[in-house]
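Structure, as structure tokens:
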Amino acid sequence: MSKKRKNGGIWVVLFILIAAMVIGTWWVYRSGFDIEESTYLYIDTDDDVDSVAQKIERQTKPESMRVFHLYAGLLNLKDKIRTGRYEVTPDLSMLNLIRNIRNHNEKPIMLVVPSTRTMDQMAGKLANQLMADSASIAQYLNDESNMKALGYTKESLPGIFIPNTYEVYWDVSIQKLMERMQKENVAFWNEERTAKLKEVSEYAGEKMTKEKVITLASIVDSETANNGEKPTIAALYMNRLRKQMALQSDPTVIFAVGDFTIRRVLHEHLKVESPYNTYRNIGLPPGPIRVPSIAGIDAVLDHDKNGYIYMCAKEDFSGTHNFAVTYGEHLLNAARYVKALNERGIKR
């Protein structure tokens with residue numbers, strides 16, 4: 001074999017080797033996931049590099065786990081795992097996923113803050129959407145020092161939440177989340193809403209602060225899920241406030257008793273000793289009986305002007321009410337409702 005032919009063969013081999021290295025490097029660099037739509041990887045405080053690898057293999061259909069282990073070693077992932085919700089897209093490479101985890105480049109969630117009856121229920125609803133567990137959230141919400149730092153008391157704390165959807169990170173701390181809720185509350189009570197407090201106070205015959213509006217809104221929300229009725233019910237209760245009559249709201253009694261399975265408030269329930277029992281106490285209770293909805297709050301601020309003093313659930317169980325100006329009218333409405341309860345065998 002001539003020297004020229006021998007050298008030519010070496011160059012061919014070198015070219016093939018270089019081409020193979022380039023192609024291999026490109027494949028390793030571009031290696032990603034065999035998925036058709038985005039999926040999400042949730043990494044919490046208990047995860048290490050091995051559990052992260054298992055989650056990736058189980059949830060994201062990686063093209064090569066060898067690539068994961070290669071980059072995890074090169075980038076020292078085991079010491080730099082960050083909690084969070086990480087998006088895995090069809091065009092994402094394994095290298096960029098690892099970089100996202102190291103750099104805490106997570107994808108936010110849309111957190112739904114609901115209207116709940118109690119703070120323990122709120123803790124459960126939030127925990128279903130966040131990394132934090134319900135016990136730790138409940139512990140934070142029941143700590144009076146935390147309430148004080150936020151400017152609230154145990155009685156007023158439900159009013160910090162404005163039920164809505166918020167963009168947050170899945171691994172947000174409960175403290176950061178509550179600070180966010182505080183800011184959202186301030187933003188909600190804008191100049192327009194705050195300006196309405198004067199007229200509401202005039203109608204109710206007493207100074208209605210935003211805290212009192214929230215408390216009244218919680219009662220309105222507890223009386224009906226029908227947003228169309230809420231301004232009517234808000235006016236009715238303010239009519240009672242103005243006349244210095246007891247509000248006599250069944251939902252406040254149920255809250256005072258602490259049994260939310262009650263469907264029929266009985267005389268024995270009305271005897272409960274509690275500042276939340278509006279049959280025994282004049283005026284609003286010391287705080288909201290649930291987290292009020294935006295519709296409930298705005299129903300108080302944009303209340304009807306009517307002469308209603310009494311209300312009773314309709315006998316058709318539609319969730320709406322019959323309203324009355326006089327006690328005689330109310331007794332007729334109440335008799336029809338009691339008859340319907342009896343016919344259905346509802347005793348409590």
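Keep in mind that the numbers below use all heavy atoms, side chains included, and drop hydrogens, waters and symmetry copies.
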Under 4.5 Å between side-chain heavy atoms, hopping through other hydrophobics if needed: is there a path connecting I262 to V338? no
Spell out, as yes or no, whether a donor-acceptor pair under 3.5 Å connects the side chain of T60 to the backbone of I56. yes
Within-4.5 Å side-chain heavy-atom neighbours: I174 and S136: no
Please walk me through it: do L111 and V172 pass side chain to side chain contact (heavy atoms under 4.5 Å, CB included)? CA-CA 11 Å; L111 176 71; V172 65; over 6 Å; no
Apply side-chain hydrogen bond (donor to acceptor under 3.5 Å, both in side chains) to residues D91 and T89 and explain how you reach the verdict. CA-CA 5 Å; D91 60 347; T89 62; 2.6 Å; yes
Between OH of Y40 and CD of E106, what distance do you get to the nearest 0.5 Å? 12.5 Å
With a 4.5 Å cut-off on side-chain heavy atoms, are F161 and M178 touching? yes
Tell me whether N277 contacts the main-chain N or O of L270 through its side chain, where contact means a donor paired with an acceptor under 3.5 Å. yes
Check whether any side-chain heavy atom of M119 lies under 4.5 Å from a side-chain heavy atom of P158, and answer yes or no. yes
Give the minimum heavy-atom separation between A138 and A123, together with the two atoms involved. N-CB, 3.7 Å
Between E179 and K183, is there a side-chain N and carboxylate O pair less than 4.0 Å apart? no
Kindly state each residue pair satisfying ring-ring contact (aromatic ring centres under 6.0 Å, His included) with at least one member in residues 282-325, sequence neighbours excluded. Y203-H303, Y308-F323, Y310-Y327, Y310-H330, F317-Y337
Quick one: closest heavy-atom pair of I137 and A127, and the distance? CD1-N, 3.8 Å
Smallest heavy-atom separation, A246 atom then I282 atom, equals N-CD1, 3.5 Å
Is it true that D298 and K230 make a salt bridge, defined as a side-chain N closer than 4.0 Å to a carboxylate O? no
S249 backbone acceptor or donor facing T278 side chain under 3.5 Å: yes
What is the distance from atom NE2 of H69 to atom CG of L74, rounded to the nearest 0.5 Å? 13.0 Å
More than 12 heavy atoms of other groups within 6.0 Å of R242 CZ: yes
R85 side-chain N/O to P108 backbone N/O, donor-acceptor pair under 3.5 Å: yes
Is there a side chain to side chain contact (heavy atoms under 4.5 Å, CB included) between D44 and D171? Walk through the geometry before answering. CA-CA 8 Å; D44 59 37; D171 60 348; over 6 Å; no
Taking the side chain as everything from C-beta on, heavy atoms only, tell me whether I214 gets closer than 4.5 Å to V300. no
What about L197 and I294, same hydrophobic cluster or not, with Ile/Leu/Val/Met/Phe/Trp/Tyr joined at side-chain heavy-atom distances under 4.5 Å? yes
CG on N185 to CD1 on I160, rounded to 0.5 Å: 6.5 Å
Nearest heavy-atom approach of I35 to V88 is CD1-O, 3.4 Å
Distance, nearest 0.5 Å, that separates OG of S222 from CG of D250: 11.0 Å
Let me confirm one number: the CG-CG distance from L216 to L284, rounded to the nearest 0.5 Å. 6.0 Å
Single-linkage hydrophobic cluster, 4.5 Å side-chain cutoff, I219 and F260 together: yes
Going through the checks in order, is the side chain to side chain contact (heavy atoms under 4.5 Å, CB included) test met by I162 and V113? CA-CA 7 Å; I162 303 296; V113 175; over 6 Å; no
Could you check if a side-chain atom of M181 sits within less than 4.5 angstrom of a side-chain atom of Y166, using non-hydrogen atoms only? yes
Same apolar cluster: V112 and V168, side chain cutoff 4.5 Å: no
The side-chain hydrogen bond (donor to acceptor under 3.5 Å, both in side chains) partners of N76 (sequence neighbours excluded) come to D79
Would you say that Y237 contacts E223 through its side chain, given a criterion of any heavy-atom pair below 4.5 Å between the two side chains? yes
Stepwise, does the side chain to side chain contact (heavy atoms under 4.5 Å, CB included) test hold for L92 with N100? CA-CA 11 Å; L92 185 72; N100 287 343; 4.2 Å; yes
Does the side chain of E329 reach to within under 4.5 Å of the side chain of N322, using non-hydrogen atoms? no
Would you say the side-chain atoms of R240 pair up with the backbone N or O of I309, donor to acceptor, closer than 3.5 Å? yes
Is the count of non-hydrogen atoms from other residues, nucleotides or ligands lying under 6.0 Å from K125 atom NZ greater than 12? no
Do any N or O atoms from the side chain of N239 and from the backbone of A235 form a donor-acceptor pair under 3.5 angstrom? yes
From the list K55, R82, K78, salt bridge (charged side-chain N to carboxylate O under 4.0 Å, His left out) partner of D47 resolves to K55
Answer yes or no: is there a donor N or O on one side and an acceptor on the other, between the side chain of E229 and the main chain of T320, under 3.5 Å? no
NZ/NE/NH1/NH2 to OD/OE distance under 4.0 Å, K154 and E144: no
Does the side chain of T39 pick up a donor-acceptor pair with the side chain of Q59 at under 3.5 Å? no
Residues in ring-ring contact (aromatic ring centres under 6.0 Å, His included) with Y86, at least two apart? none
Report yes if the side chains of Y169 and T83 come closer than 4.5 Å at any heavy-atom pair, otherwise no. no
Can you find a side-chain donor-acceptor pair between D143 and S145 that sits under 3.5 Å? yes
Do you know the tightest heavy-atom contact between Y276 and P285? CD2-CB, 3.6 Å
Return yes if some donor-acceptor pair links the side-chain N/O of R102 with the main-chain N/O of L77 below 3.5 Å, else return no. no
Atom pair CD/CD1 of Q129 and I109 - distance to nearest 0.5 Å: 6.0 Å
Cation-pi, F188 ring and R193 (6.0 angstrom, 45 degrees): yes
Please determine whether a side-chain nitrogen of the Lys or Arg among E199 and K305 lies less than 4.0 Å from a carboxylate oxygen of the Asp or Glu. yes
Have S218 and D221 got a donor and an acceptor in their side chains that come within less than 3.5 Å? no
Shortest non-hydrogen contact from I81 to V52? CD1-CG2, 4.1 Å
Within a reach of under 6.0 Å around NZ of K196, are more than 12 heavy atoms found that belong to other residues, nucleotides or ligands? yes
If you measure only the distance, is there a donor-acceptor pair under 3.5 Å linking the side chains of N342 and K339? no
With a 3.5 Å cut-off and no angle check, do the side chains of N226 and T224 form a donor-acceptor pair? no
Do S93 and N96 get their side chains close enough for a donor-acceptor pair, meaning under 3.5 Å? yes
Report yes or no: do V325 and M311 belong to one cluster of Ile/Leu/Val/Met/Phe/Trp/Tyr joined by side chain heavy-atom distances under 4.5 Å? yes
